[in-house]
Amino acid sequence: MPTVLITGASRGIGLEFVRQYAADGWKVIALCRNPATATDLAAVSGEVHIATIDVDDLASVNAAAAALADTAIDLLINNAGINVRGATFADVDYDGWLRNLDTNILGPMRVAQAFLPAIEKGAGKKLVYISSKMGSISDNTGGGMIYRSSKTGLNMAASCLAIELAPKQITSLMFHPGHVQTDMGGDAAPVTAHDSVSGMRQVIASASMAQNGQFFNYDGAALPW
Ligand SMILES: NC(=O)c1ccc[n+]([C@@H]2O[C@H](COP(=O)([O-])OP(=O)(O)OC[C@H]3O[C@@H](n4cnc5c(N)ncnc54)[C@H](OP(=O)(O)O)[C@@H]3O)[C@@H](O)[C@H]2O)c1
């Protein structure tokens with residue numbers, strides 16, 4: 001069975017990816033900041049290997065990749081992310097903004113760079129980013145400047161990398177997972193983690209180089225940049 005690596009696996013969308021791929025018999029490498037407190041993750045049955053990563057920390061990312069140097073990864077899902085909610089522009093939290101850019105843009109790039117040899121070794125050769133339609137400039141309704149700009153930046157970085165990795169036959173995909181019932185999305189969100197993840201899994205499974213660098217809703221609809 002193929003191997004999937006998932007960041008931000010302790011809860012929310014990342015945990016649901018772990019549950020669904022493990023239930024389907026995949027080998028799952030579930031990376032989270034603090035395995036000791038990730039009790040829901042520890043309870044997932046199947047072939048789940050839990051290890052530590054903090055995507056803000058290059059040494060942590062490189063250590064995780066070095067520990068898995070012999071592993072071939074078919075699918076890497078850059079899921080870890082944060083949402084630093086700003087008050088108003090007049091009140092903007094610049095430290096929080098930089099933190100949001102660091103986690104949501106540089107984090108996935110650190111992970112992609114460190115694990116690229118493992119992806120090249122895998123047969124699947126797929127690199128997925130959980131972005132957000134809040135990063136879409138053409139679909140902008142305002143507000144959330146800090147988080148929106150982090151996901152716009154992620155989309156551009158991921159798009160550049162998709163072009164760079166195309167000669168290696170690596171398919172890169174960006175997703176809006178929907179407004180999902182998680183700690184980030186809130187209990188009143190309209191989409192369950194189950195439906196979001198099963199939708200994205202279908203799109204990922206059917207994607208080929210023809211979809212490289214594209215931005216999808218969780219149900220497979222193309223999204224505007
Ligand atoms: N929920 C939504 O409605 C929604 C909508 C659009 C996009 N998204 C995106 O979907 C992804 C998952 O969101 P979610 O709703 O599942 O959020 P969540 O419930 O808040 O979970 C976020 C996950 O990311 C991890 N994480 C945060 N910073 C990290 C770091 N520096 N290093 C490693 N892991 C880190 C968290 O780990 P800890 O447990 O250690 O904090 C947690 O596992 C994010 O990229 C988010 O922006 C979500």
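Order of listing sets the numbers, starting from 1, for every ligand and every atom in it. All figures in this text were calculated on a predicted structure; none of them were measured in a lab.
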Any heavy atom of [X] sitting closer than 4.0 Å to ligand 1?
X	value
C32	no
Q181	no
D54	yes
G186	no

Identify, by atom number and element, the atoms of ligand 1 in contact range of [X], meaning under 4.0 Å from any of its heavy atoms.
X	value
S131	6 (C), 7 (C), 8 (N), 9 (C)
S10	37 (O), 38 (P), 39 (O), 42 (C), 43 (O)
G12	16 (O), 19 (O)
S132	6 (C), 7 (C)
M184	15 (O), 17 (O), 19 (O), 20 (O), 46 (C), 47 (O), 48 (C)
H179	3 (O)
Y147	6 (C), 7 (C), 8 (N), 9 (C), 46 (C), 47 (O)
D56	31 (N)

Requested in this report: Would you mind checking which non-hydrogen protein atom is closest to atom 12 (C) of ligand 1, with the distance to 0.1 Å?
Outcome: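 Its nearest protein heavy-atom neighbour is N79 OD1, 3.2 Å.
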
Query raised in the report: Parallel, tilted or perpendicular: which fits the ring planes of W225 and F215, with parallel below 30° and perpendicular above 60°?
Result: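 Ring orientation, 0 to 90° scale: parallel.
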
Query raised in the report: In terms of side-chain geometry, is the basic nitrogen of R11 or D183 positioned less than 4.0 Å from the acidic oxygen of its partner?
Result: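 A salt bridge links R11 with D183.
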
Requested in this report: Look at atom 9 (C) of ligand 1 and find which of V61, I6, I130 reaches it with the closest heavy atom.
Outcome: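 It is I130 that holds the nearest heavy atom.
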
Report task. Could you tell me whether R201 sits above the aromatic face of Y21, with NZ or CZ closer than 6.0 angstrom to the six-membered ring centre and within 45 degrees of the axis? Result ->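 Yes - R201 lies over the ring of Y21, closer than 6.0 Å to its centre and within 45° of its axis.
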
